[in-house]
Number of protein chains: 2
Amino acid sequence: MSVTQLKKITKAPQTLRDIVQHRMREAIIAGHFAPGERLVERPLCDQLGVSRTVVRETIRYLEAEGLVEIVPNQGPIVATLSWDQAKQIYDVRLLLEGSAAAACTVVQGRNFGPKLTRALNAVEATMDDTEWADLLQATTKFYELIFLEAGQTIAWDIVQRLNGRISRLRALTIAARDRETSGMSHMRSIHDAILSRDAATARAAVEAHITDAAKTARGFLNADQPEVKDA
Amino acid sequence: MSVTQLKKITKAPQTLRDIVQHRMREAIIAGHFAPGERLVERPLCDQLGVSRTVVRETIRYLEAEGLVEIVPNQGPIVATLSWDQAKQIYDVRLLLEGSAAAACTVVQGRNFGPKLTRALNAVEATMDDTEWADLLQATTKFYELIFLEAGQTIAWDIVQRLNGRISRLRALTIAARDRETSGMSHMRSIHDAILSRDAATARAAVEAHITDAAKTARGFLNADQPEVKDA
DNA sequence: TACGGTCTTATGGTATACCATGCTTTGAGA
DNA sequence: TCTCAAAGCATGGTATACCATAAGACCGTA
């Protein structure tokens with residue numbers, strides 16, 4: 001391949017901001033920062049080895065993403081998550097992912113089936129991993145395939161952003177192994193329904209998957225912070 | 001009310017960033033900047049009378065919102081909108097707004113009816129205004145009531161953000177007066193269905209409203225930029 | 001005249017120093 | 001021990017200097 005030359009020309013203009021953004025997002029999602037924890041600029045600069053400008057811009061971006069909140073006269077903190085918010089997020093995912101799966105049954109191309117099957121197998125393969133991040137990534141890839149095949153890139157962006165906000169919950173639900181087996185069976189149902197082009201069943205399977213995850217998550221979140229956030 | 005005292009204590013910690021952010025967002029949404037137009041930092045600093053830092057952070061935020069795109073090695077431009085993207089946005093709105101209206105039929109409080117009626121009347125009142133922004137705002141308020149009553153604040157955030165990205169289209173569709181009357185009748189249907197707690201009809205009315213708007217928008221966008229954006 | 005290489009310039013990107021403000025904490029005095 | 005003031009700290013905000021790069025102008029040569 002002459003990709004080498006092309007790569008050189010189209011060389012990744014990955015800016016420092018992008019790297020820092022990615023790193024911080026990952027750090028928050030991975031739970032490296034606790035929710036509510038303050039994100040003090042200058043220490044972050046030291047840790048990351050970049051200037052304040054970069055950190056500040058990154059924080060702005062993550063604020064817009066909902067991963068970071070700004071406390072007036074105090075600065076940025078890692079966004080906290082109430083059960084009410086989490087429930088709303090699961091509700092939106094229910095709509096978007098259900099719709100994507102249904103659309104996918106109609107518009108899927110001829111080589112989509114094998115790809116989806118491979119993705120499902122990848123999920124199953126990571127099931128026994130000790131590293132929960134791998135399973136999370138495999139699951140993400142599975143859904144990404146569905147959204148992209150349905151041509152719903154914007155909805156996928158929204159879902160990904162929402163997933164970032166409930167990443168801690170997702171990690172917790174994954175840690176619950178008993179749920180995983182049911183999660184796996186749900187995903188198999190989704191896979192089968194899509195390949196047999198059964199829109200209604202596909203949507204139902206997705207909704208079952210998410211409802212199940214939400215139910216598991218609720219237990220954790222209620223135990224975590226039982227107090228109700230006022231309006 | 002002792003609001004005065006409270007106001008003083010809780011005095012708006014509105015930072016410069018917030019102001020600039022708001023101003024620029026409004027400017028883009030109002031069409032003051034053309035899509036694809038470059039947002040050169042230093043001139044913006046001069047125009048707004050602020051430093052580059054503020055402008056840059058604002059641009060990061062708007063980038064995350066999807067209002068601004070970054071062209072590698074060139075800098076930020078006002079986001080462009082292809083018909084495919086617009087269609088996706090209308091599709092997501094279809095799901096979220098339909099769902100909100102349906103939920104609203106169930107959970108609405110006793111004083112919600114009058115409020116919704118007032119909002120509907122406000123829309124009708126602005127119908128003859130020359131200023132399209134007023135009608136847009138009244139329409140927004142109408143839907144906001146529905147989302148908040150349904151307790152779907154996150155979905156409302158998403159819809160608002162999406163609306164920002166298709167603001168030009170919304171302005172154009174509003175300029176088409178013939179659509180407005182039908183839009184008004186659609187909103188009246190939504191209003192009536194919600195108040196009579198008829199979920200299915202409410203959802204259908206919302207979907208009719210959006211589908212209609214999308215159809216009108218399509219004409220404008222196809223005329224605007226017929227070329228297809230490559231993947 | 002046309003082509004190609006170099007130089008300038010404008011812009012994005014980064015780093016750093018500085019000031020004002022508002023918490024928070026700590027310490028001194030009552 | 002309690003209270004209040006002052007100092008420290010973190011942030012918001014600003015200005016500026018520096019580098020890299022991309023685009024365009026300019027000039028020299030064929």
Side-chain angles (χ1 to χ4, degrees), chain A residues 5-25 27-28 33-65 67-80, chain B residues 5-25 27-28 33-65 67-80:
Chain A
Q5 270 215 350
L6 283 176
K7 260 277 175 69
K8 197 166 190 175
I9 295 174
T10 323
K11 76 168 179 185
Q14 194 177 32
T15 161
L16 240 194
R17 267 207 322 275
D18 294 332
I19 302 172
V20 171
Q21 220 175 77
H22 195 257
R23 288 269 298 268
M24 282 197 59
R25 199 199 331 268
I28 293 178
F33 296 110
E37 184 175 339
R38 290 185 60 175
L39 296 172
V40 188
E41 293 180 5
R42 277 166 249 246
L44 283 178
C45 297
D46 295 343
Q47 287 179 33
L48 295 164
V50 295
S51 73
R52 269 183 75 198
T53 312
V54 178
V55 170
R56 289 174 66 91
E57 288 183 289
T58 299
I59 288 176
R60 285 316 138 233
Y61 197 96
L62 298 181
E63 178 195 357
E65 269 190 353
L67 284 179
V68 165
E69 293 171 359
I70 306 295
V71 181
N73 293 326
Q74 191 177 359
I77 62 172
V78 178
T80 58
Chain B
Q5 268 216 349
L6 284 176
K7 260 280 176 67
K8 196 164 192 174
I9 296 173
T10 324
K11 77 166 178 184
Q14 194 177 29
T15 160
L16 239 194
R17 267 207 323 274
D18 294 332
I19 301 172
V20 170
Q21 221 173 77
H22 195 258
R23 287 267 299 269
M24 282 197 58
R25 196 199 331 268
I28 292 177
F33 296 110
E37 183 174 340
R38 289 185 61 175
L39 296 173
V40 186
E41 292 180 7
R42 279 167 250 242
L44 282 177
C45 296
D46 295 342
Q47 287 178 34
L48 295 164
V50 295
S51 75
R52 271 182 78 194
T53 311
V54 179
V55 169
R56 288 175 67 89
E57 287 182 302
T58 299
I59 287 177
R60 285 315 139 237
Y61 197 97
L62 297 181
E63 179 195 357
E65 270 189 351
L67 284 178
V68 165
E69 293 170 358
I70 306 294
V71 180
N73 293 327
Q74 190 176 4
I77 62 172
V78 177
T80 57

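In what follows, chains are A, B, ... by sequence order, proteins preceding strands, each numbered from 1.
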Partner set under side-chain hydrogen bond (donor to acceptor under 3.5 Å, both in side chains) for A:Arg42, not counting sequence neighbours: none
At under 4.0 Å, does any side-chain N or O of A:Ser51 touch on OP1 or OP2 of C:dA15? yes
Please report the distance, rounded to the nearest Å, between CG in B:Leu16 and P in D:dA15. 10 Å
Which residues satisfy the side-chain hydrogen bond (donor to acceptor under 3.5 Å, both in side chains) test with B:Arg38, sequence neighbours excluded? none
Set of residues satisfying side-chain contact (heavy atoms from CB on, under 4.5 Å) with respect to A:Glu63, sequence neighbours excluded: A:Arg60, A:Ile70, B:Tyr61
Apply side-chain hydrogen bond (donor to acceptor under 3.5 Å, both in side chains) to B:Glu65 and list each qualifying residue two or more places apart in sequence or on a separate chain. B:Arg25
Check: A:Ala34 main-chain N/O paired with A:Glu37 side-chain donor or acceptor under 3.5 Å: yes
Euclidean distance, atom CD1 of residue B:Ile59 to atom P of C:dG12 [Å, nearest integer]: 8 Å
Whole-Å gap separating C1' (C:dT14) and CZ (A:Arg17): 11 Å
Reading DNA chain D from 5' onward, which residue's closest nucleotide shows up sooner: A:Ile70 or A:Thr53? A:Ile70
Would you tabulate the pairs of protein nitrogen or oxygen atoms and nucleotide nitrogen or oxygen atoms of nucleotides 9-11 of chain D closer than 3.5 angstrom?
unit_1: D:dT11; atom_1: OP1; unit_2: A:Glu41; atom_2: N; d: 3.1
unit_1: D:dT11; atom_1: OP2; unit_2: A:Glu41; atom_2: N; d: 3.4

Taking CG from B:Leu48 and P from D:dA15, how many angstroms apart are they, rounded to a whole number? 13 Å
Using the test side-chain contact (heavy atoms from CB on, under 4.5 Å), find all partners of B:Ala27 that sit at least two apart in sequence or belong to another chain. B:His32, B:Phe33
